[in-house]
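For reference, the structure discussed in these notes is given below.
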Amino acid sequence: MGQIQLNQVTKSFGNVQVIPPLDLTIEDGEFTVFVGPSGCGKSTLLRMIAGLEDLTSGQISIDGEDATDTPPAKRGLAMVFQSYALYPHMSVRKNIAFPMRMAKMDKAEQDRRIEAAASALNLTDYLDRRPGQLSGGQRQRVAIGRAIVREPSAFLFDEPLSNLDAALRVGMRLEISEMHERLKTTMIYVTHDQVEAMTMADKIVVLQAGVIEQVGSPLDLYNAPCNKFVAGFIGSPKMNFIEGAEAAAHGAHCIGCRPEHITVSTTEGLWQGTVGVAEHLGSDTYIHIHGVPGCDPMTVRASGEFTVKHGDRVYLTPDMNHLHKFDEAGLRVA
Ligand SMILES: Nc1ncnc2c1ncn2[C@@H]1O[C@H](COP(=O)(O)OP(=O)(O)OP(=O)(O)O)[C@@H](O)[C@H]1O
Ligand SMILES: [Mg+2]
């Protein structure tokens, strides 16, 4: 079990309120991802759930029971941080066993859980090594192993992969997703990485300045962002916002169109502009275009290789089925 409910939770440091009253329910077994700009309160929220940070007011319940004043060790949650904080003088086996030794668990049961975690995380051959003899990805797997053996009712991850290189991140991302498929344990995962958020989450929580802007499935947020902030935050490259006469013609203060929903042509189209920079990724070409009325620069994502260079005139046509309309307050109108 691992249903977590936040009721009117607030947090202030001194007289600065970083989390205004916030309500959120995370269902048992759900993979929830917190995203938002740096300083918006993601870690603070996670630490309050873990019990590492007091609430200023409000209430947290775990599986229906009030856990607001329950000490961290009694909450049945396991937290994995960006820095893995392993004990350097202990073997992998002892590092993983540590929380069970502290809990004075039966030795045979400890061994059973270590073997199971090591096997799930491909660490079986490394149990006798010390952390200094492991790669970054292997060390992060040890930290996850140490969390798994506690058999927590929920895992809390605070940017666990951000110290790893790109290839390792992809590998670990898949391992954590597979672990979630297998264990079906509640997971709350903080990340700055768009791909992690979109691919791992059942539910994404978008935060800004301690306020939840929107909660929904990755595709809900991508297809129907409730305001300009979410629209601009979810998706990479970012959604284009077009203001002025072009937006008014669509009955909106601002229209949004994602780079992948605009067709670029060298001969004809609805809008025109001049190529600033073209980024050739091989799989895609990101073209940044100047001079489109109401939107400068406009970014377009063309599939595959699209041959244009700085200064070329191009024509652009948005996919009308994928236009997002916003009012003056930045709220979605259609
Ligand atoms: N111990 C503290 N004392 C005072 N202010 C704090 C403390 N911890 C965090 N804050 C403030 O609370 C706000 C939220 O911080 P938090 O670490 O939760 O942000 P975050 O969303 O995790 O950011 P990042 O993406 O950079 O990790 C920030 O404005 C931060 O400066
Ligand atoms: Mg943080």
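Whatever order the structure lists ligands and atoms in, that order sets their numbers, starting from 1.
- Donor-acceptor pairing under 3.5 Å is lacking for the side chains of Arg130 and His89.
- The aromatic rings of Phe31 and His180 sit perpendicular, their planes meeting at an angle over 60°, well past the 30° parallel limit.
- For the residue pair Gln8/Asp23, the side-chain donor-acceptor check at 3.5 Å is satisfied.
- Within the 4.0 Å heavy-atom cutoff, Glu53 does not count among the residues contacting ligand 1.
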Solution key, residues 313-321 side-chain donor-acceptor pairs under 3.5 Å, sequence neighbours excluded:
{"residue": "Arg313", "atom": "NH1", "partner": "Gln272", "partner atom": "OE1", "Å": "2.2"}
{"residue": "Arg313", "atom": "NH2", "partner": "Thr274", "partner atom": "OG1", "Å": "3.3"}
{"residue": "Thr317", "atom": "OG1", "partner": "Leu270", "partner atom": "N", "Å": "3.4"}
{"residue": "Asp319", "atom": "OD1", "partner": "Asn321", "partner atom": "N", "Å": "2.9"}
{"residue": "Asp319", "atom": "OD2", "partner": "His322", "partner atom": "ND1", "Å": "3.0"}

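- More than 12 heavy atoms of other residues, nucleotides or ligands sit less than 6.0 Å from atom CG of Asp106.
- Listed by chain and number, the protein N, O or S atoms at a distance under 2.8 Å from the Mg ion (ligand 2) are Ser43 OG.
- Arg258 forms a cation-pi arrangement with Tyr222, by the criterion of a distance under 6.0 Å to the ring centre and an angle within 45° of the ring axis.
- Residue-ligand proximity: Gly41 is placed with a non-hydrogen atom under 4.0 Å from ligand 1.
- Interface atoms of ligand 1 facing Ser38, defined by a heavy-atom separation under 4.0 Å, are 23 (O), 24 (P), 25 (O), 26 (O).
- Within the 4.0 Å heavy-atom criterion, the part of Val18 lying near ligand 1 is the side chain and not the backbone.
- Using a 4.0 Å cutoff on heavy atoms, Lys11 does not count as a contact of ligand 1.
- Near Glu159, with a cut-off below 4.0 Å to any heavy atom, the atoms of ligand 1 are 25 (O), 27 (O).
- Protein heavy atom at the shortest distance from atom 17 (O) of ligand 1 is Ser43 CB, 3.8 Å.
- Taking every heavy atom of both residues into account, Met239 and Pro259 meet most closely at CA-CD, 4.1 Å.
- When only modelled atom types and interatomic distance are considered, Thr191 and Asp193 share no side-chain donor-acceptor pair under 3.5 Å.
- Among pairs with a residue in residues 242-254, those fulfilling side-chain hydrogen bond (donor to acceptor under 3.5 Å, both in side chains) read Lys228-Glu243, Glu246-Trp271, at least two apart in sequence or across chains.
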Check your understanding: Would Ser43 and Asp158 count as a side-chain hydrogen bond (donor to acceptor under 3.5 Å, both in side chains) if you check the C-alpha gap in whole Å, the side-chain angles of each, and the deciding distance to 0.1 Å?
Key -> CA-CA 7 Å; Ser43 296; Asp158 196 352; 2.7 Å; yes

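- Side chains of Asp63 and Gln3: a donor-acceptor N/O pair is absent below 3.5 angstrom, by distance only.
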Point to revise | Tyr87/Phe98 under ring-ring contact (aromatic ring centres under 6.0 Å, His included): CA gap, chis, key distance, verdict | key: CA-CA 9 Å; Tyr87 299 103; Phe98 191 76; 4.7 Å; yes

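- Atom 6 (C) of ligand 1 is flagged as protein-proximal [any protein heavy atom, distance under 4.0 Å].
- In this structure, atom 31 (O) of ligand 1 has no protein heavy-atom contact shorter than 4.0 Å.
- Annotation for ligand 1: atoms under 4.0 Å from non-hydrogen atoms of His192 are 25 (O).
- Close approach to Thr44 involves these atoms of ligand 1, each under 4.0 Å from a residue heavy atom: 14 (C), 15 (O), 16 (P), 18 (O).
- Within the structure, side-chain hydrogen bond (donor to acceptor under 3.5 Å, both in side chains) pairs that include any residue of residues 9-19 comprise Thr10-Ser57 (at least two apart or interchain).
- For ligand 1, none of its N or O atoms has an N or O atom of Phe13 under 3.5 Å away.
- Of all protein heavy atoms, the one closest to atom 23 (O) of ligand 1 is Gly39 N, 2.8 Å.
- Protein heavy atom in closest approach to atom 25 (O) of ligand 1: Lys42 NZ, 2.7 Å.
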